[in-house]
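Here is the structure we will look at.
Here the structure is a predicted model, which means the values were calculated and not measured. Start at 1 and go down the list; that is how both ligands and their atoms are numbered.
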Amino acid sequence: MIPLSEYTNIGYICSKKDYGDRVVDHAGAVFLAALSRSAQSIEVLTATIAAKFAGVDKGTLQRDVMEFYAMLEEDGFVVSGETEAALDAKDKRFSYSDIEPKTIKKDFTPLVKRSDVSTQTFLEQHFKGKPHLTALQIELTSRCNERCVHCYIPHENKLTDIEDVLFYDVLEQCKALGLLNLTFSGGEPMLHHHFIDYLRKAQEYDFSINVLSNLTLLNDDIVKEMKANRLSSVQVSLYSMKPEVHDAITMVKGSFQKTRDAILKLIDNDIPLQISCPTMKQNKNDFVDVLNFANEHKVRAITDYTMMARYDHTTGNLDNRLSLNEVEEVINAIVNNDVDYQSQLASEDFNILPPQNDGEDIVCGICVSSICMVANGAVYPCAGWQDCVLGNLKEQSLQQIWENSPKVQQLRSIRKKEFPQCRQCDDRLFCAMCMVRNANENADGNPLKINTHFCKVAALNKRIALEWRSKAAQNK
Ligand SMILES: C[S@@+](CC[C@H](N)C(=O)[O-])C[C@H]1O[C@@H](n2cnc3c(N)ncnc32)[C@H](O)[C@@H]1O
Ligand code: SF4
Ligand code: SF4
């Protein structure tokens with residue numbers, strides 16, 4: 001159990017066993033903050049908490065404290081016991097053997113339709129669009145050992161490693177700012193010679209760490225560090241179960257074998273994993289096999305057919321994007337196989353009419369709760385938006401950029417009402433419109449000029465969902 005952070009009015013806790021997390025209110029935040037990695041008696045915990053609540057009866061407080069921690073224990077966040085040995089025996093780590101086998105149907109989940117509100121979204125809603133940095137993505141190196149046909153990073157720009165001084169300085173700043181989540185990405189992050197040291201340091205700071213990697217460079221030392229590192233999870237890109245299809249996308253012969261072997265190695269070592277299978281022309285018929293493979297190994301898998309253009313606006317990579325007809329086939333496959341999506345569609349509460357009063361809502365979390373930095377210190381709103389420089393961490397602090405950069409202020413102030421055609425649009429609930437996708441595909445880099453490809457995909461999504469609903473109603 002790791003109490004990660006206490007904000008003004010809420011607390012956040014993350015479990016190293018199943019990577020679930022919880023956000024609690026003000027009193028809960030005080031209860032969480034009293035916890036530490038070492039065992040403490042209920043009396044000591046109650047005394048620590050009592051110091052924060054003037055005039056509360058000790059007996060009542062102790063009962064509340066016990067109730068709160070019992071609830072956390074029930075959900076797997078803390079353990080209790082009479083002796084340290086009893087605590088250690090109960091303190092289970094994440095293990096694939098504890099996961100119920102899944103069916104292919106259960107996990108056929110598209111990125112664009114998620115029903116649950118993630119913690120990141122919860123925090124954004126909690127702060128009501130007020131800026132509060134909780135997540136940073138760090139591109140440890142822009143170098144890569146693959147040459148994927150769809151990559152949003154132009155291959156000629158894959159040249160730079162982050163320097164140690166900058167990395168450790170940024171980590172220190174993140175701690176001071178109360179940041180929760182760090183994502184290590186690239187290029188290929190494992191190409192950085194100090195990748196293991198960086199993982200270790202981030203663990204010392206108690207951040208929740210997610211690594212995005214092709215895993216071709218995974219070795220025993222990295223596995224050992226990830227095992228020791230209680231808060232790492234990994235997202236790996238796997239495009240097909242056919243070596244020739246995967247390798248044709250990465251443009252590296254033998255890459256499928258390495259990635260697949262590394263996935264199995266991480267599973268054997270109980271490292272939490274998610275497989276990402278972006279779908280494009282080359283693998284449009286193959287991603288179901290990837291999802292089957294994932295389910296067989298009790299790993300979560302996601303697919304995404306919304307490819308974005310390169311950040312320098314050279315759109316050649318989009319030659320690999322699915323045509324609308326191909327997208328239709330993929331959405332049909334999802335609707336016909338994803339039981340979670342089906343139950344959403346079948347629900348009486350299912351509503352295709354978007355809310356009318358969300359004009360003041362933020363569009364997404366960029367510059368409100370999250371930001372991204374790359375190896376040369378440049379800071380961007382998100383990983384794919386690298387022609388939008390917000391500042392440089394070699395010249396300014398993260399806090400200065402977060403608080404004072406005019407571009408941060410401008411992006412942060414964008415609200416849904418700035419997209420008038422979306423306000424009128426009946427397909428809005430089926431839409432994955434995104435500012436970086438607009439910006440990269442527009443020659444002038446304008447994030448507000450909507451890319452009509454995504455409107456067409458939204459219309460398809462809606463039509464197929466409604467058709468499925470009426471068929472389901474007829475079959476009742
Ligand atoms: C940029 S890579 C970095 C991490 C690592 N090299 C990897 O491939 O997993 C992160 C993810 O972005 C995906 N990606 C790359 N180019 C993309 C694009 N144009 N649109 C959408 N996703 C893209 C990759 O397939 C990968 O899953
Ligand atoms: S998607 Fe990842 S592995 Fe492929 S070229 Fe881009 S950075 Fe490298
Ligand atoms: S489909 Fe187009 S107009 Fe409608 S909400 Fe999405 S981006 Fe806006």
Side-chain angles (χ1 to χ4, degrees), residues 111-112 137-158 183-192 210-217 234-239 246-247 249-252 255 258-259 262-263 274-280 282-283 290 301-312 314-322 354 358 363 372 374 382-386 416 418-438 440-441 447-462:
L111 257 189
V112 287
Q137 175 156 332
I138 307 181
E139 197 184 273
L140 297 181
T141 177
S142 59
R143 291 190 300 127
C144 193
N145 57 348
E146 294 188 342
R147 286 289 176 268
C148 301
V149 293
H150 64 298
C151 190
Y152 58 74
I153 307 170
H155 295 318
E156 61 276 17
N157 294 358
K158 294 177 170 141
T183 298
F184 289 172
S185 184
E188 176 42 51
M190 292 183 189
L191 260 185
H192 198 295
N210 187 29
V211 177
L212 309 188
S213 169
N214 61 37
L215 288 186
T216 49
L217 300 169
V234 177
Q235 180 184 300
V236 54
S237 312
L238 180 69
Y239 302 102
H246 179 95
D247 293 358
I249 290 174
T250 65
M251 310 251 280
V252 177
S255 60
K258 287 187 180 155
T259 297
I263 288 173
Q274 170 167 288
I275 294 175
S276 171
C277 179
T279 305
M280 57 200 94
Q282 290 82 342
N283 65 341
V290 174
I302 51 171
T303 180
D304 180 11
Y305 45 81
T306 51
M307 185 187 297
M308 69 174 122
R310 292 190 200 109
Y311 65 67
D312 64 357
T314 55
T315 50
N317 64 329
L318 299 183
D319 293 348
N320 306 292
R321 186 158 76 185
L322 296 179
D358 62 354
V363 180
C372 170
V374 299
C382 69
W385 202 346
Q386 295 191 24
K416 287 190 173 167
E418 251 119 316
F419 296 89
Q421 69 210 84
C422 301
R423 316 260 331 116
Q424 317 287 326
C425 174
D426 287 343
D427 301 340
R428 186 142 70 107
L429 280 188
F430 297 84
C431 176
M433 196 277 289
C434 156
M435 291 194 282
V436 61
R437 291 192 201 124
N438 292 341
N440 285 4
E441 217 161 323
L448 302 181
K449 197 161 87 199
I450 287 167
N451 186 299
T452 52
H453 172 78
F454 297 105
C455 297
K456 291 174 194 151
V457 172
L460 267 179
N461 252 318
K462 180 175 158 190

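You'll find the side chain of C372 stays beyond 4.5 Å of the side chain of W385, heavy atoms only. V457 has its side chain within reach of Y305: a pair of non-hydrogen atoms, C-beta onward, lies under 4.5 Å apart. At least one side-chain heavy atom of E188 sits less than 4.5 Å from a side-chain heavy atom of S213.
Taking a cut-off of under 4.0 Å to the non-hydrogen atoms of C144, the atoms of ligand 2 that pass are 3 (S), 5 (S), 7 (S), 8 (Fe). Interface atoms of ligand 2 facing K158, defined by a heavy-atom separation under 4.0 Å, are 5 (S), 6 (Fe). Within the listing of ligand 2, atoms 3 (S) sit less than 4.0 angstrom from a heavy atom of N214. Of all the atoms in ligand 1, the ones that sit under 4.0 Å from a non-hydrogen atom of S185 are 3 (C), 4 (C). Of all the atoms in ligand 1, the ones that sit under 4.0 Å from a non-hydrogen atom of C151 are 15 (C), 16 (N). Under a 4.0 Å criterion applied to the non-hydrogen atoms of A458, ligand 3 contributes the atoms 1 (S). Taking a cut-off of under 4.0 Å to the non-hydrogen atoms of Y239, the atoms of ligand 1 that pass are 24 (C), 25 (O). Ligand-side atoms of ligand 2 in range of E146: 3 (S), 5 (S), range being under 4.0 angstrom from any heavy atom. Per-residue contacts place M433 under 4.0 angstrom from the following atoms of ligand 3 (heavy atoms of the residue considered): 7 (S). Near E188, meaning under 4.0 Å from one of its heavy atoms, ligand 1 places the atoms 5 (C), 6 (N). Near N317, meaning under 4.0 Å from one of its heavy atoms, ligand 1 places the atoms 19 (N). Proximity to M307 (heavy-atom distance under 4.0 Å) selects the following atoms of ligand 1: 18 (C), 19 (N), 20 (N). Against a heavy-atom cut-off of under 4.0 Å, G187 is close to the following atoms of ligand 2: 7 (S). Ligand-side atoms of ligand 3 in range of C431: 1 (S), 5 (S), 6 (Fe), 7 (S), range being under 4.0 angstrom from any heavy atom. Of all atoms in ligand 1, listed by their number and element, those nearer than 4.0 Å to a heavy atom of P278 are 25 (O).
Of the protein's non-hydrogen atoms, L212 CD1, 4.4 Å is the one closest to atom 10 (C) of ligand 1. Protein heavy atom closest to atom 1 (C) of ligand 1, with residue, atom name and distance, is Y152 OH, 3.4 Å. Closest to atom 11 (C) of ligand 1, if we only count protein heavy atoms, is S237 OG, 4.5 Å. Looking at atom 8 (Fe) of ligand 3, its nearest protein heavy atom turns out to be C422 SG, 2.3 Å. Residue, atom and distance of the protein heavy atom nearest to atom 6 (Fe) of ligand 2 are C151 SG, 2.4 Å. Summary of contacts: the protein heavy atom closest to atom 4 (Fe) of ligand 3 is C425 SG, 2.4 Å. The protein heavy-atom contact nearest to atom 2 (S) of ligand 1 is G186 O, 4.6 Å. At the shortest separation from atom 6 (N) of ligand 1 among protein heavy atoms lies G187 O, 3.0 Å.
Among the atoms of C455, none of the N, O or S atoms falls under 2.8 Å from atom 8 (Fe) of ligand 3.
With a 4.0 Å heavy-atom cut-off, ligand 1 is reached by no atom of P189. Under 4.0 Å from ligand 2, not a single heavy atom of E188 appears. In V236, neither the side chain nor the backbone holds a heavy atom less than 4.0 Å from any atom of ligand 1. Residue C148 touches ligand 2 through backbone and side chain together, judged by heavy-atom distances below 4.0 Å.
Between the side chains of K456 and H453, no donor-acceptor pair of N or O atoms lies under 3.5 Å. No side-chain donor from either of T315 and E441 sits under 3.5 Å from a side-chain acceptor of the other. A donor-acceptor pair shorter than 3.5 Å can be found between the side chains of S255 and D247. A side-chain N or O of N145 and one of N214 form a donor-acceptor pair less than 3.5 Å apart.
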Starting from the C-alpha separation in whole Å, work towards a yes-or-no answer on side-chain hydrogen bond (donor to acceptor under 3.5 Å, both in side chains) for N461 and D427.
CA-CA 8 Å; N461 252 318; D427 301 340; over 6 Å; no
I'd like to know whether T303 forms a side-chain hydrogen bond (donor to acceptor under 3.5 Å, both in side chains) with T279, so could you lay out the CA-CA distance, the side-chain angles of the two residues, the decisive distance to 0.1 Å, and finally the verdict.
CA-CA 6 Å; T303 180; T279 305; 2.7 Å; yes
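Y239 and H246 have tilted rings, their planes meeting at an angle from 30° to 60° on a 0 to 90° scale.
For T250, the heavy-atom gap to ligand 2 stays at 4.0 angstrom or more.
Checked against a 3.5 angstrom limit, the closest N/O atoms of M308 and ligand 1 fall inside it. Taking only nitrogen or oxygen atoms, main chain and side chain alike, T306 does not reach within less than 3.5 Å of ligand 1. Inclusion of H150 in the set of residues having an N or O under 3.5 Å from an N or O of ligand 1 is warranted.
Rounding to the nearest 0.5 angstrom, the gap separating the OG1 atom in T250 from the NE2 atom in H150 is 10.0 Å.
Inside a 4.0 Å radius of atom 22 (N) of ligand 1 there is not any protein heavy atom.
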